[in-house]
Amino acid sequence: MEPNRIYLDYAASTPVDERVLKAMLPFFTEIYGNPSSTHFYGQQAEIALENSRQIVAQSLHSRIEEIVFTSCGTESDNLALRGVAFAQRRKKGSLRLLISPVEHHAVLHTAHDLERNYGFILEFLQVDEFGQVDPAEVESAIRTGTALVSVIYANNEIGTINPVAQIGSICRQKSVPFHTDAVQAAAHLPMNVERDQVDLMAIGAHKFYGPKGIGALYIRRGTDLDSTQTGGQQEAGLRAGTENIPYIVGLAEALRLAQQEVIERSSRLIPLRDRLIQGVLQMVPRARLTGHPSQRLPNHASFAFEGVDGNQLLILLDMAGFACSSGSACKVGTPQSSEILMAIGLSRAWSMGSLRVTLGKGTTPDQIDRFLQVLPGLVEKARTIPIRNTGELKYVR
Ligand SMILES: *Cc1c(COP(=O)(O)O)cnc(C)c1O
C-alpha cells in the first residue's frame, strides 16, 4: 500500500482478492500433483481442475466441457482466431476474417498476422462515433467465405459495450462462428453465453481480481477449432501443456465472485464513474468523453483533451500520485494516437490527448474528489508542453 498514491487503472490490472488468494494457496504446496497422472496426487489435482471448470461454466452459463483454460486473455483470443480460422479454411476454404476496428491488440494483431503470414483476408466492420458496432452492419458485411466474426464485448480503451446478443443472433442465422473478447466485460457485466449466442468468448483473470497469467476460452460445442499449441492431450486436446492448477482455481474463484457480486460492485461504481465524468467535463476546458455516454463499463471513464500529449499528462498525474492510463496498457512509450480513437473519428489534435481512468474496489468518493482537484491544473500544464510528433501511426508489434 502506498498511502499517497491513488490507483485508477483497474482496466489494466487489479489486485488479487484475498478470498481468491486463500483459495489458491493450498494448490502450490499441498495439492501439487499433475492432473494427468493416474495416482492419488494426480486425481486430487484433476478434481480441482474439473471443479474449477464447473465453476467457470456456471458463471458463464455454459456446459462444463465448453471451457478451455489458457495462459491469459491474449492466448484465449489467439486460440479463438487462429483455431477457428485454420479449421474453417481446412473444412470450407473460408478465408475472410471480419473484425471490428476497436479490438484489443490481442485480436487485432492476431488477425493481422493471419492476413500477412497465413493468407487470410482481413475485413473491418464500421463503428459509430462511440465505437459501437451496429448489428445491421454485421448482417450486411457477412458474405460467402466469412470464416469468423470477432467483436469486442466491452472496449478496454473507451469502455463502450457492444450489442453482443444481437450480433450473436445474426452470426447464428448466417452460420458464421462468432468470437467475443470479454476480458473487460466479464469483470463488470453479467455473462451468459446462451443469452448472447456467442460461439467463442475470451476471459482473463487479472481483470477481475484474479491472478495474472491465466485465462479461459469458452468454445461452444460443435464449433470447429484446430489446436494451436501441440503436445499432450490436456484440455480435450485443444491446449497442450500441464494445467496451472493454482491459477485455474484462482480464476474460477475470482470469476465466481465477480459474477455473484456483479450488481453490488457495479451499483457502487456507476455513481463514482458518473461523478468523475461530469466533474472532468465541467472543470476542464476543451475536454470530451470518448466512448458511449451510457452503454459503457460501470468503472470506466475515458476522455480526450485537445492539444495535450497524453503521455506527458500521465507523467504529470503519476508525479501527483495518480495512476491512470492513456487507454491500453499494452502500448509503447512514444506518443501515438490509437487505432481506436482514429476509428471513432477523433482528429490528431484530440486523439493524442487521451486519458483513461478506471475505478475498482479500492476507489472511494474522496479519491475521485482529489483527482478532480488536480486534473484541471495538470491538463493546463500539459498543454504548455509541445507534443512530440512521431509522424503517422505506427503498427505496433
Ligand atoms: C487485458 C485485455 C486482454 C489481454 O488479456 P491478458 O490476460 O492481459 O493477456 C485482451 N482483451 C482485452 C479487452 C483486455 O482488456
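On a predicted model such as this, the values are computed, not experimentally measured, just so you know. Order of listing sets the numbers, starting from 1, for every ligand and every atom in it.
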Derivation of the side-chain hydrogen bond (donor to acceptor under 3.5 Å, both in side chains) call for Arg296 and Ser302: CA-CA 10 Å; Arg296 63 186 302 130; Ser302 55; 3.0 Å; yes
List ligand 1 atoms under 4.0 Å from [X], heavy atoms only on the residue side.
X	result
Asp181	10 (C), 11 (N), 12 (C), 13 (C)
His206	6 (P), 7 (O), 8 (O)
Thr74	4 (C), 5 (O), 6 (P), 9 (O)
Gln184	13 (C), 15 (O)
Asn156	13 (C), 15 (O)
Lys207	1 (C), 2 (C), 3 (C), 14 (C), 15 (O)
Ile152	13 (C)

With side chains defined as the heavy atoms from C-beta onward, is the minimum distance between Leu359 and Leu8 less than 4.5 Å? yes
Taking C-beta and beyond as the side chain, do Thr14 and Lys207 meet within less than 4.5 Å on heavy atoms? no
Going by distance alone, is a donor N or O of one side chain under 3.5 Å from an acceptor N or O of the other, for His300 and Gln184? no
Looking at Leu257 and Arg19, what are the two nearest heavy atoms and their distance? CD2-NH1, 3.6 Å
Give yes or no for whether the N/O distance cutoff of 3.5 Å, strictly under, is met between Gly73 and ligand 1. yes
Arg82: which of Thr228, Asp113, Asp77 passes side-chain hydrogen bond (donor to acceptor under 3.5 Å, both in side chains): Asp113
Within 45° cone and under 6.0 Å: Lys361 NZ/CZ vs Tyr10 ring: no
Checking heavy atoms under 4.0 Å, the part of Lys212 that sits near ligand 1 is neither
